[in-house]
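Everything below concerns the one structure shown next.
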Number of protein chains: 2
Amino acid sequence: MPNNLGAKLKDVAVLAQVSVGTVSNVLNKPEQVSTDKRNRVLAAIDQLGFVRNESARSLRSGSSRSLGMLVLDVRNPFFTDVALGAEDVADAHKHSFILANSAENSVREQSYLDLFEQQRVQGILITPLGDVIERLEVMRSRGIPSVLVDRLASTGHFCSVSVDDTAGGRAAMEHLLSVGSTRPAFVGGPFTLQQVDDRYHGALAATEAAGVRLQLFETPNLKFERGRHIGDVINDLRPDTRPDGVFAANDQLALGLLQSFTENGLRVPEDIAIVGFDDIDFASQSSIPLTSIRQPRQLIGERAAELLFDEIDNELEHEHQQVVFMPELVVRRSSQRS
Amino acid sequence: MPNNLGAKLKDVAVLAQVSVGTVSNVLNKPEQVSTDKRNRVLAAIDQLGFVRNESARSLRSGSSRSLGMLVLDVRNPFFTDVALGAEDVADAHKHSFILANSAENSVREQSYLDLFEQQRVQGILITPLGDVIERLEVMRSRGIPSVLVDRLASTGHFCSVSVDDTAGGRAAMEHLLSVGSTRPAFVGGPFTLQQVDDRYHGALAATEAAGVRLQLFETPNLKFERGRHIGDVINDLRPDTRPDGVFAANDQLALGLLQSFTENGLRVPEDIAIVGFDDIDFASQSSIPLTSIRQPRQLIGERAAELLFDEIDNELEHEHQQVVFMPELVVRRSSQRS
DNA sequence: TCGTATTAATGAAACGATTCAAACAATCCA
DNA sequence: TGGATTGTTTGAATCGTTTCATTAATACGA
């Protein structure tokens, strides 16, 4: 017996001696109920410990007051921060917020989209993984819009909020060159991730402009262990060919490199400078604080949620837009050669 | 117009030429429907792109197929990992999982409990913050049970899953003593958090047993910056009174200490050894890897969710239990004086 | 005083699934 | 052949809200 004592709207109505419609109005449009009755109703609600049944509300009104968000990896603090920003906005709109983790697995991605559809969420924030754009278009045609996060919408059919990864990559590399790196390298992968590809090409543009060769160390993913591994590889190179400055595609990789270098006795930044990307908290919290390219993480989440609400609220007038933030170079010790 | 094209159960029934009851059975008890009709129904579902309406299901059946989880701080990787474990279990039970962040703010805590109640979640996993036990008891009496996470249930009225913080604190301090620390210190706070208090008293027991004095540096919270600050304070002490071994109440504090010491030129572990607590990923990923007390993070989440499901499924026979995991000392460079 | 706005309150009809008692069909046995 | 048994299928009732067309009450101006 699931529903033990739950008082319902009708019980409240009886106790307060008004109709159910009035109780509903007290809840939803309190200003158009007379003070007298409103107080009676509120008292009754209090006395009975009445709690609205959200399922019934959603059923009747056709959609639930909730947003779904699907990220690539909740264990990456970058995404938790983006989610935090989005949640704030959802909160402000009195929507609940369902955070799901595709964990870079496209089966999970699909099944969470199923879930969101069943829940009739009002909209979806997603960092897409698999080939999911088509499905999102179908879902929108059925009334569930979505906004792409940390990913530029290539067709104009979606709003998106992202960061100019190419510019970020260029800034990172220009910085390395400016502190005197003559044998720079890029560490990252896979190149099927647009972000990685863009960051690399930004870096490449910088080295080409300076007439310097850019070494490439490709990784199968962006995790710490991979960074450590490449660090060991780099350490084994002959000192005169070994990179003297490394730009890693994200901070987790960069931290892996840093640990490997430290353990192997390479001095950072004297022997080799490091620049990461994302500027997660742990970048600045490392014992050798990491130079990084900062993305406005919370802001990305906030803007994305706002765009989504705009589409939800003004289905017709809404115009899709691509918000692209400029990332910011934050210089710390890992690249400071004074 | 929210509900554009949504086909409903009835539409499926018409197309498949069966009754709505049969369609519902195909969805819920497919084995008791004849193959013939089942196939017709499935084909119709496919053709119409029918998606179940979860609100309607929940309304009719009295509770939603979902679990709520309320953590102290989603930005702390410890909690994301616990949540990940719990989510897996929820998934396996085909329940959806709502993760909420009280952010150490008891107003938010209350309002998320409101939300969970409105959503009629089937149960709640919570790391309680404010004075919330009473409310949880009321909620249980109304059919929404909860399990305490990372917190021992002091009354026997709840299940709980936690770690023996006292033992962990003792192990941490015994380790520091064993590597030769003669002026050990504890860094952490506030002591209103049971976890902190227990870890401290564990450490104290170890020093008392060894006849050594334990210095205490109290902090208002467990964040990185506080660790950094205390690190600076410690650095300013006269070398002959300065601690030569520090046990921090969690890893974030420990990382803050580590950064401060490194910057100030104190050598870790030679001048001062550090031990943290939680063993988050970043502990091992630090450039000087951190010795820490490992909690089985995912497992904590899993066990908690399992206990919750047991209470949900066997309301009557269920017996509350307190699961207490033993933490594990993981020795790394930050405390290795060879 | 009467008609007309204006404002408040009502309550029956949805929303879209699940449930369950009853009807129906098929099979078996005496 | 009829009755009992087993297995499918049916469809009306139901969950707890919101919605909205009506009705009731009140105030206002002529």
Side-chain angles (χ1 to χ4, degrees), chain A residues 1-41 44-45 48-66 94 117-120 122 142-143, chain B residues 1-41 44-45 48-66 94 117-120 122 142-143:
Chain A
M1 47 212 70
N3 243 334
N4 283 355
L5 303 169
K8 34 192 182 185
L9 209 109
K10 198 172 165 190
D11 303 326
V12 175
V14 170
L15 181 58
Q17 309 194 52
V18 297
S19 72
V20 294
T22 301
V23 179
S24 176
N25 283 336
V26 170
L27 259 22
N28 300 308
K29 324 174 177 170
E31 72 285 357
Q32 54 181 252
V33 174
S34 67
T35 322
D36 167 38
K37 299 213 164 162
R38 191 179 348 153
N39 289 336
R40 260 157 53 200
V41 168
I45 286 179
L48 294 173
F50 165 79
V51 177
R52 252 173 160 135
N53 183 322
E54 181 61 32
S55 299
R57 295 187 76 186
S58 307
L59 173 57
R60 172 63 235 223
S61 52
S63 86
S64 67
R65 265 155 279 282
S66 64
K94 304 219 174 290
E117 220 172 347
Q118 288 167 203
Q119 305 258 21
R120 302 291 192 273
Q122 296 230 102
R142 293 197 188 147
Chain B
M1 42 213 73
N3 245 331
N4 284 355
L5 304 169
K8 32 193 183 182
L9 207 101
K10 197 172 166 192
D11 304 324
V12 175
V14 170
L15 181 58
Q17 309 194 52
V18 297
S19 72
V20 293
T22 301
V23 179
S24 175
N25 283 337
V26 170
L27 259 22
N28 299 308
K29 325 174 175 168
E31 71 286 357
Q32 55 180 251
V33 174
S34 67
T35 323
D36 166 38
K37 300 214 164 161
R38 191 181 349 158
N39 290 337
R40 261 159 52 201
V41 169
I45 287 179
L48 294 173
F50 166 78
V51 177
R52 255 175 159 131
N53 183 322
E54 181 62 33
S55 300
R57 295 186 77 184
S58 307
L59 173 56
R60 175 60 236 229
S61 52
S63 86
S64 68
R65 266 155 278 281
S66 65
K94 303 217 174 292
E117 220 171 349
Q118 287 167 202
Q119 305 258 18
R120 302 291 193 272
Q122 296 228 99
R142 293 195 188 152

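Letters go in sequence order (proteins before strands), and every chain restarts at 1.
- The distance between atom CG of Leu59(A) and atom P of dT14(D), rounded to the nearest whole Å, is 17 Å.
- The shortest side-chain heavy-atom distance between Val23(B) and Lys10(B) does not fall under the 4.5 Å cut-off.
- Rounding to whole angstrom units, CD of residue Gln17(B) and C1' of dG11(D) are separated by 17 Å.
- Only Val33(B), Ser34(B), Lys37(B), listed by number, bring a heavy atom of residues 30-40 of chain B to less than 4.0 angstrom from any atom of DNA chain D.
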Candidate pair Thr22(A) and Arg40(A), rule side-chain contact (heavy atoms from CB on, under 4.5 Å), full reasoning
CA-CA 11 Å; Thr22(A) 301; Arg40(A) 260 157 53 200; over 6 Å; no
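- Defining each end axis of the helix from dT1(C)-dA30(D) to dA30(C)-dT1(D) as the rotation carrying four pairs' C1' atoms onto the next four, with five pairs an end, the two axes are found to diverge by 50° to 10 degrees.
- Taking the side-chain contact (heavy atoms from CB on, under 4.5 Å) definition, one finds that Lys8(B) meets it with Asp11(B), sequence neighbours left out.
- In this structure, Asn53(B) atom CG and dA14(C) atom P are separated by 18 Å, rounded to whole Å.
- Between Ser63(B) and Gln122(B), the side chains place a donor N or O and an acceptor N or O closer than 3.5 Å (distance only, hydrogens not considered).
- Looking at heavy atoms from C-beta onward, Phe50(A) lies in side-chain contact with Leu27(A) at the 4.5 angstrom threshold.
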Below 3.5 Å is the cut-off: list the nitrogen or oxygen pairs between protein and nucleotides 18-26 of chain C, distance only.
{"from": "dT18(C)", "atom 1": "OP1", "to": "Asn28(B)", "atom 2": "ND2", "distance (Å)": "3.2"}
{"from": "dT18(C)", "atom 1": "OP1", "to": "Arg57(B)", "atom 2": "NE", "distance (Å)": "3.1"}
{"from": "dT18(C)", "atom 1": "OP2", "to": "Ser24(B)", "atom 2": "OG", "distance (Å)": "2.9"}
{"from": "dT18(C)", "atom 1": "OP2", "to": "Asn28(B)", "atom 2": "ND2", "distance (Å)": "3.3"}
{"from": "dT18(C)", "atom 1": "O2", "to": "Arg60(B)", "atom 2": "NH1", "distance (Å)": "3.2"}

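- Checked options Leu48(B), Val26(B), Val18(B); the residue passing with Val12(B) is Leu48(B) (criterion: side chain to side chain contact (heavy atoms under 4.5 Å, CB included)).
- Counting heavy atoms from C-beta outward, Val33(A) and Val41(A) have side chains that stay 4.5 Å or more apart.
- Between the side chains of Ser55(A) and Ser58(A), not a single donor N or O lies within less than 3.5 Å of an accepting N or O.
- The interatomic distance linking Glu54(A) (CD) with dA17(C) (P) rounds to 18 Å, in whole Å.
- Judged as a side chain to side chain donor-acceptor pair (under 3.5 Å), and not counting sequence neighbours, Arg38(B) has no contacts.
- Scored by the side-chain contact (heavy atoms from CB on, under 4.5 Å) test, Lys29(A) finds Asn25(A), Glu31(A), Gln32(A) as partners (sequence neighbours excluded).
- For Lys10(B) and dT10(D), the NZ to C1' distance is 14 Å, given to the nearest whole Å.
- Side chains of Arg65(A) and Lys94(A) form no contact here, defined as non-hydrogen atoms less than 4.5 Å apart.
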